[in-house]
Novice: 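Let me begin by handing over the structure; questions about it come next.
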Amino acid sequence: MSATAGRIAMTAVPEETVRQLADVLGPDVEVSTRELDRLALAVDASHYLAIPQAIARPKTAKQVASAMAIAVNAGWPLTLRGGGSSLSGQAMSRGLTMDVRRNFRNFEILDGGRKVRTQPGNTIVQINAALARYGRKLGPDPASSVACTIGGLVANNSSGMTCGTTANTYRTIDSMVIVLPSGTVVDTGDPHADELLRDKEPNLVATLEHLRDELRAPDLKKDIERRYAIKNTMGYGVNSFIDFDTPAKILEHLMVGSEGTLGFVAQATFNTVPVHKKNLTGFLLFNSLDSANEALPTLVDSGADVVELIDSESIVAMGQESAALLPDGFKVNKEAVLLVEYQGDSDEQLRELSKEGLAKFQDFDLYADAEMTQDPKRRQQMWVLRNGLYTKIARNRPKGTVALLEDVAVPVPKLAGVCTDLHDLFGKHNYDGAVIFGHAKDGNIHFLVTESFADEKAMKRYELFTEDLVDLIIGEQGTLKAEHGTGRIMAPFVKRQYGDDLYQVMVQVKNACDPKNVLNPGTIIPEDDMQHLRDIKRTEDVRPVIDDCVECGYCEAVCPSQHLTTTPRQRIVLQRAIGAAQAMGDEDLVETLRNQQGYDVVDTCAVDGMCQTSCPVNINTGNLVRELRSEQASAVEKKMWEGMAHSWNLVADGAAGLGMTVAKKLPNQVVRSGLGVARKIIGTDVVPQLSAELPGGGPRRRPVIQHQPDAIFMPACIGSMFASTHPTQKGVGPALMKLAARAGVRLSVPEGISGLCCGTPWKSKGMDDGQRAMGQRLVRVLGEASDNWRLPIICDNASCTEGLIVTLRNEGVDNAQVVDAVPFVAEHIAPKLPRLHRDACAVVHPTCASTQLGINDALITLSGLVADEVRIPDGWRCCGFAGDRGLLHEELTATATADEAKSVNSIDASLYLSCNRTCELGMTRATGHNYTHVLEELAARL
């Protein structure tokens, strides 16, 4: 199937089965056959595509069991969907896709951090953030930790850079709650788990015990031990039968790496590992790939925690990023790099751990002296060379191609030869620019090629390359999947890797757990031997702002609308679906998707730019949404917003603040009722809704002229729209002026301040003419006030600081020194202040803008001046208030802040601080605690 055809192959919906599913799950569970929902969950990070017939978002394990029962009875394929960062096609579905990410996000830290119990919807980063205060973390550390959910972690037997085969998912799982397709739910941590299984699943238990006894024959056991001595996620983990004795524990470990084909892991408990406080990182440039591999055994034996291989093509691909690490005049030929890292808890321990390895460096065939460092900036440069490869190649890939990242593992002594042979295969099949890198310590390497899948010639090349690859790795007693999971891509080769006997064991496991073959069919156990060449998706160019997207899903975990409507990846996927439908002439689907995307794609996007902070190819999906908003806006609306730019003094410092003051004096129910009627008539994305905790209007901004000022202060207009809720202060603007005066820093507020705005309201709505008009005014007023940009310009609202930088840059002003008030105070004012009274604990909400500006450290520093302990809550993300989004769509803020609010309310704190007025309002609404600007709290204590 071609990529374009695959994108719009909307198969018929089994309506009666869907109705039955909706009835069983109940009205509070989303079940949808809407085209937008089906397409949004059709794509993962792999190069495959199949569109489900329906999607469902259950909330409990019991509901999952009910859905499974319906699927089994109807013979309806069912796929469990988590983070969708899979590279091997595990998340594809032609029937029902069940999103088990959105509603399965509870977790609990146990035994002082030595264990953690979590549902499958949390990401690795979220769990590790909660464990950090205990000095612990999860053992697996895949590169996709920001996006990979616990469900995916278990389903793929994730490992990573440091955990090897000793601290991967298989080795660190403690227990789990499993839902089988039959409806049986078993907690393997329950002492009676085996009794329950024998009672509810006698055939399954009989199969497990028979296979256990059969596989413990000496020859079979030895063969299995050899296969799993290296990283190996190919097929089912049949090592479970020789590692564990009881049916419950065998089943538990078979679920690890089963990719949603045997059952649903509703909850998992892990044994955690310690986080080391010290790191010593080395950059070793070898004369050849062979000499690098020859050094591997010595480095592994020396106790190195990390040994990462980077081949010569990788050095070339990284270009300027690698130059800072290489000797002057260096020209890449056949060299290779090993990144080596030792980890410990003290400098003394680190020296002792690394002593043996460092002594051996003189015996290596190095191009230049090895560099070892603990300096964070230098270590970061080294790791960019390793971790930046995917980003670099994905961004620079030829148009119309897909970046394919594959992984294999072989015994370490065979690694050098396999790397050489792989390079030969790249040349044989004309995969120019292909690179090899990876976890050399474990004999686990990744390679990255780009393929177009554009025609039969390209498909044939991919087929022949895959066959050669399979022959090479199996011939060296390796595994075709070391980390990424079997998926659909390698399912046709499971039998070839394991042989008939062990393959039939896997078939028996599948049949015993899922006899109707309903769960994720085609994954691990193939539908046919050519399935890896079917359902290929291609990435067509549709808009320059999103064309670089590789659909990895890294952006999703930081998106405030991820648990409400759509994510950045899904917004992009839907634009590509619209483009594909247009190319095929399916105007009905084009119209349908455009009609459906208004609320889900456009209205509920916060355009906060946080997606860009996690995107490997640096895409800000907010720019896409701004384009869509601009395209949808009428000429009248655009003229209205342009007019407001010319009369902003009447809007921000006049009508808006006055309106908030009047509304505050009226009963809130009266205000909400009146606005509710207007919202129904005019539109929910036009008329705001005001909640009771919102303040009245703030003071008007007025000029303050200083002789020979140190800086120009531009108070944000948001302070005029919303008054301060601090008990003693009148807003962040007056607080900053008070702090500056106390420290002897002269700040001038320019004439014409009441007509100035950073431009964000126009930018976020895609009103380019209005933003341009405001930008021209900013250039005129601030340029003159700052002595032609000689003086720094200070803004007191983080999002407005970021907006001001963007608007001035759009007007061609690149030499303006725009600084947020938080880092300005931290650097120029705080050192001159007296010691202040401190509360015991302050909760701090960093904002999306403060994160993008890189000022969160300054925010924490200032918070530390008024509190002995400063806490950033678990679950922190953009609050979703996003200017007016929190007024137009209260549900966006409620959803975005739910996890953080839960954490906030578990902390015994007396201060709640941030650095952006609308974010303070959003967090106040979400938590019931009064959030104020950190500068107000500083000023209050003078």
Side-chain angles (χ1 to χ4, degrees), residues 59 82-83 99-110 113 116-134 136-138 145-153 267-268 270 272 553-565 567-568 606 608 610-611 613-614 841-851 856 859-860 863 869-882 886 890-909 911-916 919-929 931:
K59 297 182 178 180
D99 178 359
V100 292
R101 177 180 185 175
R102 180 172 291 185
N103 298 314
F104 289 87
R105 293 182 289 115
N106 292 328
F107 70 90
E108 182 182 6
I109 306 297
L110 306 171
V116 59
R117 180 183 297 133
T118 173
Q119 290 185 313
N122 296 301
T123 66
I124 300 171
V125 163
Q126 287 173 313
I127 298 301
N128 282 343
L131 288 168
R133 68 177 61 99
Y134 301 94
R136 311 286 293 186
K137 68 182 183 70
L138 293 169
S145 292
V146 68
C148 175
T149 58
I150 297 300
L153 183 83
Q267 178 180 280
F270 294 88
T272 64
Y554 283 21
C555 55
E556 294 187 325
V558 296
C559 177
S561 63
Q562 63 174 305
H563 299 308
L564 177 66
T565 51
T567 67
D608 59 347
M610 283 299 289
C611 46
T613 66
S614 293
C841 181
V843 167
V844 173
H845 173 76
T847 72
C848 51
S850 68
T851 300
N856 286 341
L859 173 62
I860 298 300
S863 300
E869 182 185 10
V870 177
R871 291 277 299 273
I872 296 177
D874 297 334
W876 169 83
R877 65 170 59 90
C878 170
C879 69
F881 205 92
E890 294 177 353
E891 68 278 12
L892 175 60
T893 296
T895 305
T897 57
D899 294 341
E900 183 177 0
K902 182 179 179 181
S903 177
V904 167
N905 288 321
S906 70
I907 299 172
D908 183 15
L911 293 176
Y912 301 87
L913 306 174
S914 191
C915 57
N916 203 72
C919 302
E920 293 155 17
L921 297 175
M923 290 307 301
T924 297
R925 175 194 292 169
T927 66
H929 298 290
Y931 276 74

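Along the sequence shown, residues carry numbers from 1. Values in this document were obtained by computation on a predicted structure and should not be read as measured data.
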Novice: So, do F270 and I127 sit near enough that their side-chain heavy atoms are less than 4.5 Å apart?
Specialist: no

Novice: Give, for atom CG of D874 and atom OG of S906, the distance between the pair rounded to the nearest 0.5 Å.
Specialist: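 Separation between the atoms: 7.5 Å.
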
Novice: For the pair S561 (side chain) and L564 (backbone), establish whether a donor and an acceptor sit closer than 3.5 Å, ignoring hydrogens and angles.
Specialist: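 Answer holds: no.
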
Novice: What is the distance from atom CG of N106 to atom CG of N122, rounded to the nearest 0.5 Å?
Specialist: 7.5 Å

Novice: Measure the CZ-CZ distance between R925 and F881 for me, rounded to the nearest 0.5 Å.
Specialist: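 Reported to 0.5 Å precision, the distance equals 5.0 Å.
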
Novice: Taking the side chain from S903 and the backbone from P873, do they hold a donor-acceptor pair closer than 3.5 Å?
Specialist: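 No.
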
Novice: To check you understand the geometry: which heavy-atom pair defines the closest contact between E556 and T567, and what is its length?
Specialist: OE2-OG1, 2.6 Å

Novice: Do you know which two heavy atoms are closest between N103 and K59, and how far apart they sit?
Specialist: ND2-CG, 3.6 Å

Novice: Please name the pair of heavy atoms, one in S614 and one in C555, separated by the smallest distance, quoted to 0.1 Å.
Specialist: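 Answer, listing the atom of S614 first, then C555: CB-CA, 4.3 Å.
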
Novice: Using 0.5 Å steps for rounding, measure from the OH atom of Y912 to the SG atom of C841.
Specialist: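 The SG atom of C841 is 8.0 Å from OH of Y912, to the nearest 0.5 Å.
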
Novice: Examine distances only and state if a side-chain atom of S914 and a backbone atom of H845 form a donor-acceptor pair shorter than 3.5 Å.
Specialist: yes

Novice: Less than 4.5 Å apart, side chain to side chain, heavy atoms only: is that true for V125 and S145?
Specialist: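 Yes; the side chains approach each other to less than 4.5 Å.
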
Novice: Using atom types as modelled and distance alone, determine if a side-chain donor or acceptor of T897 lies under 3.5 Å from a backbone N or O of M923.
Specialist: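 The answer is no, because no donor-acceptor pair under 3.5 Å joins these two groups.
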
Novice: Is there a donor-acceptor pair closer than 3.5 Å between any side-chain N or O of E900 and the backbone N or O of W876?
Specialist: no

Novice: Which heavy-atom pair separates N856 from P846 by the least distance, and what is that distance?
Specialist: OD1-CB, 3.5 Å

Novice: Going from CZ on R117 to CD1 on I109, what distance comes out if it is rounded to the nearest 0.5 angstrom?
Specialist: 11.0 Å

Novice: Mind listing the closest non-hydrogen atom pair of T847 and N916 along with its distance?
Specialist: CG2-CB, 3.8 Å

Novice: Test salt bridge (charged side-chain N to carboxylate O under 4.0 Å, His left out) on D608 and R877; report intermediate values, then the result.
Specialist: CA-CA 11 Å; D608 59 347; R877 65 170 59 90; over 6 Å; no

Novice: Is it the case that the side chain of T893 and the backbone of E890 share a donor-acceptor pair, with hydrogens and angles ignored and the cut-off at 3.5 Å?
Specialist: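 Side chain of T893 to backbone of E890: no pair is present.
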
Novice: Quick one: closest heavy-atom pair of L913 and S863, and the distance?
Specialist: CD1-OG, 3.8 Å

Novice: If you round to the nearest 0.5 Å, how far is CG of L859 from OG1 of T851?
Specialist: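 Rounded to the nearest 0.5 Å, the OG1-CG separation comes to 9.0 Å.
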
Novice: Side chain to side chain contact (heavy atoms under 4.5 Å, CB included) with C919: which of C848, C879, S850, C878?
Specialist: C879

Novice: Assess the side chains of T927 and N905: does a donor N or O sit below 3.5 Å from an acceptor N or O?
Specialist: no

Novice: Kindly indicate whether the side chain of V904, heavy atoms from C-beta on, has any atom under 4.5 Å from the side chain of Y931.
Specialist: yes

